[in-house]
2 protein chains.
Amino acid sequence: MRGPTIRDVARRAGVSAATVSRVLNDSPLVLEPTRERVQAAVDELGYRLNATARNLSIGRAMAIGVVVPFFTAPSVIERLRGVVERLGRGEHREYDLMLFDVEGPEQRGGALRDLARRDRVAGLLIMSLPISDAEVAALERDELPAVLVDGTHPRLPRVVIDNVRGGELAAEHLLVRGHRRIGFVGDHPANPYGFTSSEDRRRGFRNALERAGVESDPALDRLGPHGREEAGELAAALLSLPEPPTAIFAASDLQAIGVLRAAELLNVRVPDELAVIGFDDVDLAEIVGLTTIRQPLREGGALAADLLLAAIDRGGSGVPVEEQQALTVVERRTT
Amino acid sequence: MRGPTIRDVARRAGVSAATVSRVLNDSPLVLEPTRERVQAAVDELGYRLNATARNLSIGRAMAIGVVVPFFTAPSVIERLRGVVERLGRGEHREYDLMLFDVEGPEQRGGALRDLARRDRVAGLLIMSLPISDAEVAALERDELPAVLVDGTHPRLPRVVIDNVRGGELAAEHLLVRGHRRIGFVGDHPANPYGFTSSEDRRRGFRNALERAGVESDPALDRLGPHGREEAGELAAALLSLPEPPTAIFAASDLQAIGVLRAAELLNVRVPDELAVIGFDDVDLAEIVGLTTIRQPLREGGALAADLLLAAIDRGGSGVPVEEQQALTVVERRTT
DNA sequence: TTGAAAGCGCTAACAG
DNA sequence: CTGTTAGCGCTTTCAA
């Protein structure tokens, strides 16, 4: 039983399918009595429009796709909240949300190439994934609007933060508190996804310290795979140094939590013996009282959704904007 | 530029569109040389199948829909992980994931009714939402497979836990430790969504206590809107009682975190002066060292996805199974 | 203002 | 094995 079609409604209302279609799409050129008859037939039959057929006919889908790595990460969730918030409201409630999780680096290219077709989604939100010129070209060829979140490409609208500046903020915060020997725990720059934010944060951080006269000690930078436990191990190594750091800057809150845990296991008191500062300000940070560099994740997701929706409506291109989001330090109980 | 169609490929390969379609769908009745010619044409043209057209033609969508309230809740995320894990693998990688967030109770009915159509999704995963007979009937009428997670209905496959038993486990855990005066912090039974798990947990909990000879004191049950801070306030009230409880059972980990925070603010030491036990065992619980009743959220999501995929493949119905998941208590540092 | 007809891109009988 | 022919359900000229 495939449910009533537009023809059934037409027959019942004594009009043509075209007229029903017009009523359904709020076309102004339908006489009021006709509209009413059609509407009545729609109600009686419990008719609802078939989205697939409509999409095929008009040539675009009424869904927006979100491509994310680690759908599991708290920061991703936070951003998704912002996206959902925007999709669920106003005139855009019509767009559905398709989620594409990119768990392995090998899925990365595939997912993008797969999606670069207007028929599945009306636009793409690409989070935290580096994108190549060829991929952008593919999107352009198919006229598929896309916006980048936490990623950058000159030909795509994007919402970003200044990771280098974030590192500086962390450095300043710790310098003011008298720290001179400071460790860093973050992602390995050669990670399979090509993420660079951790490395950018580290650079900003170290440079700011050097400008303040603090010499860099390579032994204090510990890089490894992303993850709470991995970060814990890195921090443990740092704390076991003959001359351990008095503070640690972690490239993300998740990693900072790992650092905190390592300190606890080694009986190092925070913040007295070790200050810890993270990055992101996810929910968790507030819960554990972590001092961190806050980036407006949720707002970023919402903004990106708005940008995408606007690009879809606008159709044509225009110069891609870059929205830079403000970073602030949120002081809590770990520094 | 709408990209090459199946006809373009057909022309180029010197065959009919039907043959191209057969090749695309791995039909066995195509001669190898023909298949190769078609494949070559596909590659040269960079052709990719239009999902919308295919869906319209075969009459079903290649996506599964997930309907969730509070997309924001950690437990929901955890379950989604399980779902994504299953969708991303094996022969089912072909299914996309559509997310339908139900933020307000008023969206509840709408979302479901809207989705009860084969044309947008091939099946539905409904999480934590009570579902009415009428809604089930609508799903059946449209032959739309659906499975319930953390919800129940006799005519739908479902994965559930025994919340009452969970409450009992919490009671047993606290009784063994000598607690007699125990508070409960949970959701109000008359919540707008119709959630009942909190209340079920409370009942199992109180009944177990009574069976052990501990009389119930209504003043020790504090119910309010779901949320960390709300739970904190409820707990604060409990702790300010002339005769405060020595332990608190929270209906969820999120609420337990609120309780912990309240204790901290009131300088009540955990677990010495106050034992706290939560429910769910989300990531957070491990991080803060919360003792809790563990329900396998991720596995539940995965299982539900498998059930749904199976139902979709099977087509017809069969007797809906109920998968009951095991509950265990995970002892950490708050009891 | 409404209807007829063609078509979106693909699949699925049915012949051959 | 492969091609022809009809749709799937909706939109959209083009006429009337």
Side-chain angles (χ1 to χ4, degrees), chain A residues 1-39 41-42 45-63 94 114 117-122 142-143, chain B residues 1-39 41-42 45-63 94 117-122 142-143 315:
Chain A
M1 174 128 316
R2 267 164 169 291
T5 77
I6 207 171
R7 283 171 193 287
D8 299 325
V9 177
R11 200 168 308 128
R12 174 140 194 154
V15 299
S16 73
T19 299
V20 176
S21 177
R22 291 192 184 100
V23 171
L24 260 22
N25 293 287
D26 295 316
S27 161
L29 16 75
V30 179
L31 239 37
E32 191 49 33
T34 315
R35 171 186 308 285
E36 278 168 16
R37 278 218 315 287
V38 171
Q39 191 55 56
V42 164
L45 262 34
Y47 167 85
R48 264 155 328 146
L49 213 143
N50 179 315
T52 306
R54 174 167 215 273
N55 292 345
L56 178 59
S57 195
I58 64 177
R60 71 151 146 148
M62 290 309 275
E94 53 208 310
D114 233 51
R117 288 324 238 31
R118 302 280 295 291
D119 61 288
R120 297 172 75 189
V121 294
D142 289 330
E143 295 173 34
Chain B
M1 175 128 313
R2 266 165 169 295
T5 78
I6 206 172
R7 284 172 193 288
D8 299 325
V9 176
R11 198 167 310 129
R12 175 142 195 152
V15 298
S16 74
T19 298
V20 176
S21 176
R22 290 191 185 98
V23 172
L24 259 22
N25 293 287
D26 295 314
S27 161
L29 16 75
V30 179
L31 239 38
E32 191 48 34
T34 316
R35 172 187 307 287
E36 278 167 16
R37 278 219 314 289
V38 171
Q39 192 55 57
V42 164
L45 261 35
Y47 167 85
R48 265 153 331 145
L49 213 145
N50 179 316
T52 307
R54 174 165 214 273
N55 291 345
L56 178 60
S57 192
I58 64 177
R60 71 151 146 146
M62 291 309 276
E94 53 209 309
R117 289 325 237 33
R118 300 281 296 291
D119 61 288
R120 297 172 76 188
V121 295
D142 290 329
E143 295 174 36

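Values below: every heavy atom of this structure, side chains too, minus hydrogens, waters and symmetry copies. The chains referred to below are lettered A, B, ... by the order of the sequence lines, with proteins before strands, and numbering in each begins at 1.
A sub-4.0 Å separation between OP1 or OP2 of dT2(D) and a side-chain N or O of Thr19(B) is absent. The phosphate of dG3(C) has OP1 or OP2 within less than 4.0 Å of a side-chain N or O from Ser16(A). The phosphate of dT2(D) has OP1 or OP2 within less than 4.0 Å of a side-chain N or O from Thr34(B). The side chain of Asn25(A) contributes an N or O atom lying less than 4.0 Å from OP1 or OP2 of dT11(D).
Counting only N and O atoms by type, the side chains of Arg120(A) and Asn55(B) include no donor and acceptor under 3.5 Å apart.
The separation between Leu56(B) atom CG and dC8(C) atom P is 13 Å, rounded to whole Å. Look at CZ on Arg54(A): it is 18 Å from P on dC8(C), rounded to the nearest Å. Note: CZ (Arg7(A)) to C1' (dG3(C)) measures 12 Å, nearest angstrom. For Arg35(A) and dT2(C), the CZ to C1' distance is 13 Å, given to the nearest whole Å. In this structure, CG of Leu29(A) is placed 13 Å from P of dG3(C), rounded to the nearest angstrom. Atom CZ in Arg22(A) sits roughly 8 Å away from atom C1' in dT1(C) (whole-Å rounding). The distance from atom CE of Met62(A) to atom P of dC8(C) is 21 Å, rounded to the nearest whole Å. Asp8(A) places its CG atom 9 Å from the P atom of dC10(D), with the value rounded to the nearest Å.
Of the possible donor and acceptor atoms, none in the side chain of Arg60(A) sits under 3.5 Å from a partner among the backbone N and O of Ala122(A).
Residue Val20(B) is out of contact with every strand shown, counting any heavy-atom pair closer than 4.0 Å. Here Leu49(B) lies in heavy-atom contact (under 4.0 Å) with sugar-phosphate atoms only.
Judged by distance alone with a 3.5 Å cut-off, a donor-acceptor contact links the side chain of Ser57(A) to the base of dG7(C).
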Could you give me the CA-CA distance, side-chain angles and deciding distance for Gln39(B) and Val42(B), then say whether side-chain contact (heavy atoms from CB on, under 4.5 Å) is met?
CA-CA 5 Å; Gln39(B) 192 55 57; Val42(B) 164; 4.0 Å; yes
Which is it for Arg54(B) and Asn25(B) under the side-chain contact (heavy atoms from CB on, under 4.5 Å) test, yes or no, and what are the steps along the way?
CA-CA 11 Å; Arg54(B) 174 165 214 273; Asn25(B) 293 287; 2.8 Å; yes
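Between Ala13(A) and Val38(A), the shortest heavy-atom contact is CB-CA, 4.0 Å.
Here the nucleotide nearest the side chain of Leu31(A), chosen from dC10(C), dT2(C), dG3(D), is dT2(C). When the nucleotides dA12(C), dC8(C), dT2(C) are ranked by their closest atom to the side chain of Ile58(B), dA12(C) comes out on top.
Along DNA chain D, the nucleotide nearest Ala53(B) and the nucleotide nearest Pro28(B) are compared for position; the residue whose nucleotide lies closer to the 5' end is Pro28(B).
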